[in-house]
Amino acid sequence: MNLFAEMRFLVIAALDKMTVAGELPEGLSFDNVAVEPPRDALHGDMATNAAMVLAKPSRHKPRDIAEKLAGYLMQDARITAADVAGPGFLNLRLAPAVWQGIVKKTLEQGAAFGRSSVGAGRRVNVEYVSANPTGPLHVGHTRGAVFGDALAGLLDYAGYEVTREYYVNDGGAQVDVLARSVYLRYLEAHGQDVAFEDGTYPGDYLIPVGQALKDKVGDAFVGKGEQFWLAELREFATEAMMTLIRADLAQLGIKMDRFYSEKSLYGTGLIEAAIEDLRGKGLIYEGYLDPPKGKKPDDWEPREQTLFKSTEHGDDVDRPVMKSDGSWTYFAPDIAYHYDKVNRGYDLLIDVFGADHGGYVKRMKAAVSALSGGQVPLDVKLTQLVKLFKNGEPFKMSKRAGTFVTLRDVVDQVGPDVTRFVMLTRKNDAPLDFDFDKVLEQSRENPVFYVQYAHARVCSVLRKAAEAKIEVSDATLLAADLSKLDHQAELAVARKLAEWPRLVEIAARSNEPHRIAFYLYELAGDLHGLWNKGHDEPGLRFVQEDDSATSQAKIALARAVAVVISAGLGILGVKPMDVMR
RNA sequence: GGCCCCGUAGCUCAACUGGAUAGAGCACCUGCCUUCUAAGCAGGUUGUUGCAGGUUCGAGUCCUGCCGGGGUCGCCA
């Protein structure tokens, strides 16, 4: 349990005593009572809104409640001050021993300090990337990949049982286009001149695939019509593309638990079963859709389709699941896929989409709501555009022209760790500028460097201490006399550490891994700040020559910071550095 | 036109899901940096949170309506 939750229990216990003593009426709900870090550290270490929340239902003045509450709380040895402030906040100050205890706890628990039980072993499925298997991953996919992976890591850290999943769109018409594109490269490998028309993919990445096909089948398909090769090439080409994509993901350090094939849904009855499930709930009907308002396509003509009554579950219009020729729309296998996820017993589903799929969110939520009878929530996270820069010149992405910037381009230049961290320095739904030069800069402005440097700096301290013949093994630090950590600047760092478990819970509840990155940046700043204070105040330096006991206490604090940075980076899939290059 | 996201300091962005006087970095100003832990440090300036209402003890945060930017809109996924 994190320190804030512990203190909340203390506050609730005090409120219970007040109720028994008749100072509060019976039967009040304390649900809205919170204990939080104050916005301004000058106010205290923690603040509770108890008095303000309870003022109205208890018909007492907030300040009166706060005064009485303060009296009870002061009976606890951990609390050294409880002051009423503002409209009725109760500001608490905690004894140094509490913060010293946090340092010890961090060292005891290591990477597990901050692990949470908010997930309570519930099963969550995180679907991300899910790029069409028609080419290598580009920068946009990279952000979704990093975000999804960090989110999965975060939820795992917060106590969920996580499945990482990739939905492979290998069943639709775009696979035909891919197959034809490979065929052209195949002809090219046989020395023919080809032209990429009808939207076929001109990207270079298909050249080796065409060559591989030639190596495999020789000239068997040359001069033959589609009916002879299309089916085989669909298989051959998607397999080649998925091999490419898996390699791209591996380069970023992303391991999926499962690749779920859209094609595998066909012919198994699963799509039919999913639609029948909806039909049984009265949500499937034959009907006509109105044309979109404001934007009237020239070729609009009313036609009867099989529709899903998604409006019953929060969508704006009903959605077609079957084309007029009797085949499924893309939506139908998606419904079936989510039907399968629901049936696999997940307690929570998360889909990570690019922002251009925003229009798809409501219908997907409607489908899951209908299929699960409202029992399984679906949270859809959209990742916004990445704008690339280098030397002030924006990069252009054009998949059609085959000149898009790929994941590989990015990772080759800056490495997986920098790629991942930078992609998480913005909220998922905010656009992100990615500058190839700036992300490698070694300065305070670059959060990646700043956080990595903090970790490396602690490692450097440990090395320096060893040179000074000070024992700094984990066991020794754990046994250090932490009461020597009594300077306000040192306790401030310990306070920051105390926020870590709480922050993990907040980030996990909101499915926002970027909060981890921001926290690490702040924690790194606190460590650098303490280091810099040592410049003017030698007594604050971590290594105190001729006083190994004091050194060990201070180094224990530094080590604790490194432990949390390491754990946080671990969630984000970034390796901490022991030395800066 | 409908729907979704965004709008916070000159710039790039936070803000613990409704808490106190809205915070960081950059830029700018002042001082420091031959030695000590300097891929710099300390301090200072910076706001009608797009606009107008509403709910609340309390709103950047929730609701309504506008303004501006982006995305998206029936047999492509």
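We name chains A, B, ... by the order of the sequence lines, and we start the count at 1 in each one.
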Which nucleotide in the list A20(B), A15(B), G74(B) gets nearest to the side chain of Pro320(A)? G74(B)
Under 4.0 Å, heavy atoms only, any strand: does His528(A) hit a base, just the sugar-phosphate, or nothing? nothing
Assign the ring pair Phe518(A) / His514(A) to parallel, tilted or perpendicular, where the plane angle (0 to 90°) is split at 30° and 60°. perpendicular
Between Ile506(A) and Met322(A), which is nearer to the 5' end of RNA chain B once each is assigned its nearest nucleotide? Ile506(A)
Are the ring centres of Phe436(A) and Phe434(A) closer than 6.0 Å? yes
Would Lys464(A) and Phe542(A) count as a cation-pi pair here, with the cationic atom under 6.0 angstrom from the ring centre and within 45° of the axis? no
Bracket string, RNA chain B, 5' to 3' - pairs by Watson-Crick or G-U geometry under 3.5 Å, | interstrand: (((((((..((((.....[...)))).(((((.......))))).....(((((..]....))))))))))))....
Out of G74(B), C76(B), G19(B), minimum distance to the side chain of Ala173(A) belongs to C76(B)
Write down the distance between CD (Glu512(A)) and P (C5(B)), rounded to a whole number of angstrom. 13 Å
Asp526(A): partners by salt bridge (Lys or Arg N to Asp or Glu O under 4.0 Å), with sequence neighbours left out: none
Smallest heavy-atom separation, His43(A) atom then Pro38(A) atom, equals CB-CB, 4.0 Å
Can a donor-acceptor pair under 3.5 Å be found between the side-chain atoms of Arg426(A) and the base atoms of C13(B)? no
Nucleic acid contacts of residues 441-454 of chain A, taken as heavy-atom distances under 4.0 Å to RNA chain B: Gln442(A), Ser443(A), Arg444(A), Glu445(A), Tyr453(A)
Under a plain distance cut-off of 3.5 Å, with no hydrogens placed, do Asp379(A) and Asn511(A) share a side-chain donor-acceptor pair? yes
Per atom distances to the Asp429(A) side chain, the nearest of C6(B), A39(B), G19(B) is C6(B)
Could you check how far OH of Tyr360(A) sits from P of G74(B), rounded to whole Å? 13 Å
Just to confirm, is there a sub-4.0 Å distance from OP1 or OP2 of A15(B) to any side-chain nitrogen or oxygen of Lys427(A)? yes
Calculate the interatomic distance between Asp315(A) atom CG and G2(B) atom C1'; express it in whole Å. 12 Å
With rounding to the closest Å, how many angstrom separate the P atoms on U12(B) and G65(B)? 29 Å
Quickly work out the Phe353(A) CZ to C76(B) C1' distance and round it to whole Å. 15 Å
What's the closest nucleotide to the Asn91(A) side chain, out of A15(B), A20(B), C75(B)? A20(B)
Looking only at side-chain N and O atoms, does Asp170(A) offer a donor or acceptor that is under 3.5 Å from a partner on Ser261(A)? yes
Out of A39(B), C57(B), A15(B), whichever nucleotide has its closest atom nearest the side chain of Lys56(A): C57(B)
Mutual orientation of the aromatic rings belonging to Phe259(A) and Tyr166(A) [parallel < 30°, tilted 30-60°, perpendicular > 60°]: tilted
Reckon Phe542(A) touches a base, only the sugar-phosphate, or nothing at all at heavy-atom distances under 4.0 Å? base
Of the listed nucleotides A77(B), C57(B), G74(B), the one nearest the side chain of His357(A): A77(B)
Phosphate contact (A77(B) OP1 or OP2) by Lys323(A) side-chain N/O below 4.0 Å: yes
For nucleotides G40(B) and G25(B), find the distance between their P atoms and express it as a whole number of Å. 14 Å
Whole-Å distance between C76(B) C1' and Asp334(A) CG? 12 Å
Hey, is His535(A) doing a stacking thing with A38(B), by the 5.5 Å centroid and 30° angle criteria? no
Taking for each residue the nucleotide of RNA chain B bearing the nearest heavy atom, is the 5' side occupied by Pro538(A) or by Asp325(A)? Pro538(A)
Round to a whole Å and report the spacing from CG of Asp536(A) to P of G31(B). 18 Å
Does Arg319(A) make a cation-pi contact with Phe331(A), if we ask for NZ or CZ under 6.0 Å from the ring centre and within 45° of the axis? no
Could you tell me which non-hydrogen atom of Leu69(A) sits nearest to which non-hydrogen atom of Ala50(A), and how far apart they are? CD2-CB, 3.9 Å
Winner on side-chain proximity to Lys362(A), out of U56(B), A24(B), C4(B), is C4(B)
For atom CG of Leu385(A) and atom C1' of G69(B), their distance in whole Å: 13 Å
Check every atom of A77(B), A20(B), G71(B) against the side chain of Asp356(A) and return the nucleotide holding the closest atom. G71(B)
Could you tell me whether U17(B) is syn or anti, where syn means a glycosidic angle within 90 degrees of zero? syn
Among A20(B), A77(B), C16(B), which is the nearest nucleotide to the side chain of Arg502(A)? C16(B)
Is a side-chain donor-acceptor pair under 3.5 Å present for Tyr167(A) with Asp351(A)? no
Could you tell me if Thr306(A) and Glu286(A) have a donor-acceptor pair between their side chains, going purely by distance under 3.5 Å? yes
Which part of the nucleic acid, if any, lies within reach of Ala34(A) when heavy atoms closer than 4.0 Å are counted: base, sugar-phosphate only, or nothing? nothing
Tell me whether the ring of Phe89(A) lies stacked over the A20(B) base, given a 5.5 Å limit on centroids and a 30° limit on the plane angle. yes
Which is true for Ala85(A) with a 4.0 Å heavy-atom rule: it touches a base, it touches only sugar-phosphate, or it touches nothing? base
Which part of the nucleic acid, if any, lies within contact of Arg303(A), taking any heavy atom under 4.0 Å across all strands shown: a base, the sugar-phosphate backbone alone, or nothing? base
Expressed in angstrom and rounded to an integer, what is the separation of Phe518(A) atom CZ from G23(B) atom C1'? 12 Å
Nearest listed nucleotide, side chain of Asn532(A), among A24(B), U56(B), C41(B): C41(B)
